[in-house]
Amino acid sequence: MTTELLKVSNLKQYFPIKGGILGRKINDVKAVDDVSFYVNAGETLSIVGESGCGKSTTGRAILRLDEPTSGEISFNGKDLLALNKREMRKMRKDLQIIFQDPYASINPRQTVRQVLNEAMEIQNVLPKEKREDRMMELMETVGLGAHQLDRFPHEFSGGQRQRIGIARALSVDPKLIICDESVSALDVSIQAQVLNLLKKLQRELDLTYLFIAHDLGVVRHISDRVIVMYLGKIVEIADKKSLFDNPKHPYTKTLLSAIPVPDPTKKKDQIILKGDVPSPIDPPTGCRFHTRCPFATDKCKEEIPELRTSEINMAAGHQAACHYIEEIESGEMTPNY
Ligand code: SF4
């Protein structure tokens, strides 16, 4: 039986822009605009999109590292936005995050032992006398070895530092880990090692991941389901197979067309998008993708497409936010490149 662990409803994250002599608010950066999704216990849901699409902001808003503008976030049946600061700090025991740059999120003056001990102390995880065994166990779990506990972060490689970040997240025994571009800064071979470690830990510890990344290859490796975001909105959501084998939204098709094919005998036509990503301060009306979409019509400029499924060749749970899913699928509409 699947259990919904995290539910995000109508989440908005606007950042005010102030100006003038009085420093009054003159506009907002609409980084995340009315986003809803759920994450089931034990699964990996990935959020993918170009830089600035709102994926990392969504992760930070869930943890209330930035206070959301509006919406609802329910975790394990609890309303996260109703918690006060002390309650939220306590809740972070169950909700951890692994950042892209572990070096920036780990105190360089602390040894690994101090880093792990501090995390457990803040969350009051274990009595002091039991922490040593736990730290040694954690170091073995992430493949670093207990003998490295007294080393400083600068004495480790990038991949090893990310393992310290994972050990720190695991030290408080979380239920859900938000991996925010956690392998993006690593070499490809190290990326694979860390991804495999995350998958192994998920199986062994019954973890749930919200995996935020811009690299579709990485997302394909680790996900159960995938959300594609564009300019603060979800444009497509599906299980991994449906999304990669049968994308419906023109933006997703474009992203997937850019993945290199390892077989040189197979030709793949890359779709090149026109223009740049518009500003989230003044996003396009209607469908936010209309300024770059090769299928856009006047309706796309005026009406916001809802996330929806279609009877045409879409698996259960597969939704896309496009007015013309059926017309594009049947070939009735052709791209205007
Ligand atoms: Fe393109 Fe229109 Fe569909 Fe948006 S709604 S993706 S602009 S066809």
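Because only heavy atoms are used, hydrogens play no part in the values below, and waters and symmetry mates are left out as well, while side chains stay in. Counting convention: from 1, in listed order, for ligands and their atoms alike.
In terms of modelled atom types and a separation under 3.5 Å, the side chain of Thr309 and the main chain of His318 share a donor-acceptor contact. Judged purely by atom type and a 3.5 angstrom limit, His323 has no side-chain atom pairing as donor or acceptor with the backbone of Cys287.
Under 4.0 angstrom from ligand 1, the non-hydrogen atoms of His249 all belong to its side chain. For Cys322, heavy-atom contacts with ligand 1 shorter than 4.0 Å involve the backbone as well as the side chain.
Classification of Glu326 and Arg308 as a salt-bridged pair holds, one side-chain N sitting under 4.0 Å from a carboxylate O. The pair Glu137-Arg134 meets the salt-bridge criterion, since a charged nitrogen lies less than 4.0 angstrom from a carboxylate oxygen. Glu327 and Lys299 are not joined by a salt bridge, as no carboxylate oxygen comes within less than 4.0 angstrom of a charged side-chain nitrogen.
Listed by number with element, the atoms of ligand 1 under 4.0 angstrom from any heavy atom of Cys300 are 2 (Fe), 5 (S), 7 (S), 8 (S). Under a 4.0 Å criterion applied to the non-hydrogen atoms of Tyr324, ligand 1 contributes the atoms 8 (S). Heavy-atom contacts of Pro250 reach the following atoms of ligand 1: 6 (S) (cutoff under 4.0 Å). Within ligand 1, counting atoms from 1 as listed, the ones closer than 4.0 Å to a heavy atom of Cys293 are 1 (Fe), 6 (S), 7 (S), 8 (S).
Scanning the protein for heavy atoms near atom 4 (Fe) of ligand 1, the closest one is Cys287 SG, 2.4 Å. Among all protein heavy atoms, the one lying closest to atom 5 (S) of ligand 1 is His323 N, 3.4 Å.
Distances from atom 2 (Fe) of ligand 1 show that His290 has no N/O/S atom below 2.8 Å.
Residue-environment remark: CD1 (Ile312) exceeds the threshold of 12 foreign heavy atoms within 6.0 Å.
With no hydrogens or angles considered, a side-chain donor-acceptor pair links Asn246 and Lys248 at under 3.5 Å.
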